[in-house]
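Proteins come first, then strands; the chains are lettered A, B, ... in the order of their sequence lines, and each starts at number 1.
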Amino acid sequence: GENVEQHPSTLSVQEGDSAVIKCTYSDSASNYFPWYKQELGKGPQLIIDIRSNVGEKKDQRIAVTLNKTAKHFSLHITETQPEDSAVYFCAATGGGGADGLTFGKGTHLIIQP
Amino acid sequence: EAQVTQNPRYLITVTGKKLTVTCSQNMNHEYMSWYRQDPGLGLRQIYYSMNVEVTDKGDVPEGYKVSRKEKRNFPLILESPSPNQTSLYFCASSPSRGVLGDTQYFGPGTRLTVL
């Protein structure tokens, strides 16, 4: 099955700086890669996603890049703000299987004032 | 408002006492799923359902049961809970399974403690 590795597990950046979270996946058949943000006491919420026929996607301060050859994808957050502090999860589809998403272990992003 | 609801939000119980965590969605989604979240392990899928009366095991199904008698409801059943099932549980739903690239909507979570 699919295996998703996510790094780093904790990331601390100064407010206003950029943050980058990286994920790799194992199943070359995977074709959908969402990113979820989980705030304290809440369930994960989708913030951006990318499909395998696209190399990059941007939504205001958030962007995701995908390198299918290397089987890795990254989340980029620019001009970080205090409300960006949360746990972020990457995920990938299970390829040809009937199951849903396989998640990375999460990155705790801390925005320092 | 489109949402996934779970009940209860918090539960403390003792080993061996059967319990059910309910999950309901009002978006007419076909696909529903249960995850558990543990520190350092991320989200792991317990069971999923692609439609009414269609359920299958995820990555960590041992000790859990589910049923899907109606499209909107997907309860998680622990017949004989044990301390290693202490965890944060999330229900999620999507229009179809993840391989088709549909967003999964998560409930608010149920924090379960088994003593």
Side-chain angles (χ1 to χ4, degrees), chain A residues 1-10 21 23 25-54 57 59 64 66 73 86-108, chain B residues 2-7 9-10 21 23-25 27 29-51 54-61 74 87-111:
Chain A
E2 177 67 278
N3 182 49
V4 176
E5 299 282 342
Q6 182 172 347
H7 299 280
S9 56
T10 303
I21 302 170
C23 289
Y25 61 98
S26 61
D27 190 341
S28 56
S30 289
N31 56 13
Y32 177 61
F33 308 92
W35 285 88
Y36 285 82
K37 176 183 181 182
Q38 185 179 22
E39 297 176 334
L40 198 62
K42 297 184 179 179
Q45 280 198 305
L46 179 77
I47 55 171
I48 196 167
D49 56 15
I50 193 167
R51 299 176 194 275
S52 58
N53 58 348
V54 175
K57 184 176 178 180
D59 182 3
V64 58
L66 171 65
F73 56 113
V87 178
Y88 292 80
F89 291 97
C90 63
T93 58
D99 54 340
L101 298 168
T102 299
F103 286 84
K105 290 182 170 48
T107 295
H108 186 194
Chain B
Q3 60 182 352
V4 178
T5 57
Q6 295 178 227
N7 282 293
R9 294 290 314 278
Y10 302 90
V21 184
C23 173
S24 183
Q25 50 93 5
M27 296 169 278
H29 285 170
E30 291 187 354
Y31 183 91
M32 297 186 74
S33 182
W34 276 102
Y35 296 87
R36 61 177 289 173
Q37 183 177 19
D38 301 289
L41 297 178
L43 290 152
R44 294 179 294 167
Q45 191 179 52
I46 303 170
Y47 268 93
Y48 64 95
S49 169
M50 291 200 286
N51 215 324
V54 181
T55 64
D56 209 345
K57 297 177 181 178
D59 297 319
V60 288
F74 189 45
S87 186
L88 180 58
Y89 291 87
F90 289 101
C91 180
S93 74
S94 72
S96 59
R97 65 180 198 249
V99 294
L100 297 181
D102 283 327
T103 301
Q104 287 205 31
Y105 297 85
F106 283 80
T110 294
R111 185 165 292 282

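Rounded to the nearest 0.5 Å, atoms CD (A:Q38) and CG (B:L43) are 6.5 Å apart. Interatomic distance, CZ of B:F106 versus CG of A:L46, reported as 9.5 Å (0.5 Å rounding).
Contacts between A:Y36 and chain B at a heavy-atom distance below 4.5 Å involve the side chain alone, from C-beta outward. Proximity to chain B is absent for every atom of A:Q45, based on heavy atoms less than 4.5 angstrom apart. For B:R9, the part lying under 4.5 angstrom from a heavy atom of chain A is the side chain only. Residue contact with chain A, scored on non-hydrogen atoms closer than 4.5 Å, is absent for B:Q6. Heavy-atom distances place the side chain of B:Y35, and not its backbone, under 4.5 Å from chain A. Proximity to chain B (any heavy atom under 4.5 Å) is shown, for A:P34, by neither the backbone nor the side chain.
Two residues are said to be in side-chain contact when any heavy atoms from C-beta on lie closer than 4.5 Å; B:Q104 and A:L101 meet this criterion. Residues A:F103 and B:Q37 are not in side-chain contact: their nearest non-hydrogen atoms beyond the backbone lie 4.5 Å or more apart. Proximity of B:T103 to A:Y32: side-chain heavy atoms (C-beta onward) are separated by under 4.5 Å at one or more points.
For the options B:G107, B:G42, B:C91, B:P39, heavy-atom pairs under 4.5 Å to chain A are most numerous at B:G42. Here B:P108 is the residue among B:G109, B:A92, B:P108 with the most heavy-atom pairs under 4.5 Å with chain A.
Counting heavy atoms of neighbouring residues, nucleotides and ligands inside a 6.0 Å radius, atom CZ of B:R44 exceeds 12 of them.
Across every non-hydrogen atom of B:F90 and A:G43, the tightest pair is CE2-CA, 3.3 Å.
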